[in-house]
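The analysis underlying the following values was restricted to heavy atoms, covering all of them including side chains, and did not include hydrogens, waters or symmetry mates. Lettering follows sequence order; numbering is per chain, from 1. Only a predicted model underlies this, so the values are computations on that prediction, with no experimental measurement involved.
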Protein chains: 2
Amino acid sequence: MTCPEELDPTRLLTPRAREVLAAARAVLERQGWEALTMRTLADELDIAAPSLYKHFASKEALRGQLAALALKEFGEAVRPVTTVAALVRRYRDVATAHPQLYRLSTSGPLDRAALPPGLEDWSGSPFLEATGDPHRAQALWAAVHGMVVLELDGRFPTGAAPEATWRELVRHFS
Amino acid sequence: MTCPEELDPTRLLTPRAREVLAAARAVLERQGWEALTMRTLADELDIAAPSLYKHFASKEALRGQLAALALKEFGEAVRPVTTVAALVRRYRDVATAHPQLYRLSTSGPLDRAALPPGLEDWSGSPFLEATGDPHRAQALWAAVHGMVVLELDGRFPTGAAPEATWRELVRHFS
DNA sequence: AAAGTTGGCTAACAGCGTTAGCCCACGAAC
DNA sequence: GTTCGTGGGCTAACGCTGTTAGCCAACTTT
């Protein structure tokens, strides 16, 4: 299920900027946000750190583009929507498959001005589709997100959330 | 509702370390984690930054103590437990009253080794009390946490989560 | 041929967490 | 009553961070 072209956050980037973004993503997924410094990123591309500023105004801007990219990819990965249970399953799987990207795109403030208009709504719409009601959709999204972040951060006593907890959550929203 | 003395995370700290911790908390709540640097904290106490290391081994250790403190205080603030609805209401209120402390204590990894044994369980037990079932408790906790962090990060289109979404969530768990 | 754009470079700065090494005040021990 | 350990401060400095300034080569457009 692919994202409408006009929502592609990399649409306005130069080819070189797209390469930088891809490298940033690679470092992020491989080593985490902490390890993604302007210098390590520059090393990955075999250029000097200040040269990165030819493509992104700041590290924060780069972060924003990564977040936008994640919004798009997760939105795609979760489609097409069938049942609540299937949506939750897919959401969980894709988030845990890309934990760093997920965390980046879902925690901390989101610079909406830097997002293609409509992308955020589009990425959230599967929950609306699955539940049929905006508030139910928000509540489900929040619940699933809560489970995922607690799981990623190892906040459950068992490490990952027990299957039974996931089932319980799905049950409440089905 | 007060925390058992043996779970008090500041129990083993020297008086001076407690003062440092209190100052750190003040800066954190006033200006956020980003602004809480070893130097700004030292300024707050009218000492030099390296002197802080007489009381805490690292900034990470200090962060851990702040998280432990938050666990204790939030655990207290949410008691005594009556209904699911009341628990959710209290949880939400106390979290939004201390957003920085809440975020600090609930996101990112938690250094359990530095926590008084039992504190984490104690802080989570209200959810068990309210739901009567461990998996229901975890699911509810995750859901409420998800709502709170999305709210704190301004991730809902309206800024805060709509009342109706909170009601929806409570309804599913009541 | 001229001009502008793209994408690189080095040198440097301020702020970050942190370490090393020194010093002084105070309470206990010989 | 002096010695000694300890608690709590200090300055100087290091390596790392994001970022700026200023320069330069190549390529494209006029």
Side-chain angles (χ1 to χ4, degrees), chain A residues 10-69 100 103-105 107-111 113-114, chain B residues 10-68 100 103-104 107-111 113-114:
Chain A
T10 70
R11 209 170 42 112
L12 303 173
L13 299 181
T14 69
R16 187 52 171 153
R18 265 188 280 262
E19 291 179 22
V20 172
L21 192 61
R25 185 210 175 128
V27 175
L28 174 70
E29 299 216 54
R30 197 190 319 132
Q31 297 167 259
W33 176 253
E34 305 257 285
L36 178 55
T37 72
M38 297 305 264
R39 281 167 176 90
T40 59
L41 175 55
D43 284 352
E44 181 87 3
L45 291 155
D46 272 311
I47 62 177
S51 303
L52 293 170
Y53 291 82
K54 296 291 180 176
H55 308 289
F56 294 93
S58 65
K59 191 184 183 185
E60 199 46 38
L62 182 59
R63 201 195 118 104
Q65 290 300 309
L66 283 169
L69 194 97
Q100 305 289 351
R103 221 189 306 253
L104 183 81
S105 67
S107 41
L110 181 64
D111 180 11
Chain B
T10 70
R11 208 169 43 111
L12 302 173
L13 298 182
T14 70
R16 188 53 172 151
R18 266 187 280 262
E19 291 179 23
V20 173
L21 192 60
R25 186 209 174 129
V27 175
L28 174 70
E29 299 216 55
R30 197 189 322 132
Q31 297 167 258
W33 176 253
E34 305 257 284
L36 178 55
T37 73
M38 297 306 264
R39 282 168 177 90
T40 60
L41 175 55
D43 284 351
E44 181 86 3
L45 291 156
D46 272 312
I47 62 177
S51 304
L52 294 170
Y53 291 83
K54 297 291 179 175
H55 309 289
F56 294 93
S58 65
K59 191 184 183 184
E60 199 46 40
L62 182 60
R63 200 195 118 103
Q65 291 300 309
L66 283 169
Q100 305 290 349
R103 220 190 307 253
L104 183 81
S107 41
L110 181 64
D111 180 11

So if I define the base as every atom that isn't primed, P, OP1 or OP2, how would nucleotides 17-30 of chain D read as a B/S/- string at a heavy-atom cutoff under 4.0 Å?
BBBBB---------
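Rounded to a whole Å, the CG atom of B:Leu45 is 8 Å from the P atom of D:dG9. The distance from atom CG of B:Leu41 to atom P of C:dT18 is 12 Å, rounded to the nearest whole Å. In this structure, B:Phe56 places its CZ atom 15 Å from C1' of D:dG7, rounding to the nearest Å. Nucleotide C:dG17 holds its C1' atom 12 Å from the CG atom of B:Leu62, rounded to whole Å.
With sequence neighbours excluded, the residues that form a side chain to side chain contact (heavy atoms under 4.5 Å, CB included) with A:Glu29 are A:Arg25, A:His98, A:Leu101. B:Asp43 meets the side chain to side chain contact (heavy atoms under 4.5 Å, CB included) test with no other residue; sequence neighbours excluded. A search for salt bridge (Lys or Arg N to Asp or Glu O under 4.0 Å) contacts involving A:Arg39 returns nothing, not counting sequence neighbours.
Considering only side-chain N and O atoms, A:Ser51 lies nowhere under 4.0 angstrom from the phosphate OP1 or OP2 of C:dG7. For B:His55, no side-chain nitrogen or oxygen approaches OP1 or OP2 of D:dG7 to under 4.0 Å.
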Tabulate below the donor-acceptor pairs under 3.5 Å that side-chain atoms of residues 60-68 of chain A make, not counting sequence neighbours, or state none.
from	atom 1	to	atom 2	distance (Å)
A:Arg63	NH2	A:Leu104	O	3.3
A:Arg63	NH2	A:Ser107	O	3.1

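In this structure a side-chain-to-backbone donor-acceptor pair under 3.5 Å is missing from B:Thr10 to B:Arg18.
Side-chain atoms of B:Arg103 and B:Leu28, non-hydrogen and from C-beta on, never get closer than 4.5 Å to each other.
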Show the numbers, then the answer: is there a side chain to side chain contact (heavy atoms under 4.5 Å, CB included) between A:Leu45 and A:Leu52?
CA-CA 10 Å; A:Leu45 291 155; A:Leu52 293 170; 4.0 Å; yes
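Listed by residue number, B:Arg16 are the residues of residues 15-30 of chain B with a heavy-atom contact under 4.0 Å to DNA chain D.
The two atoms that bring B:Val20 and B:Leu41 nearest to each other are O-CD1, 4.0 Å, heavy atoms only.
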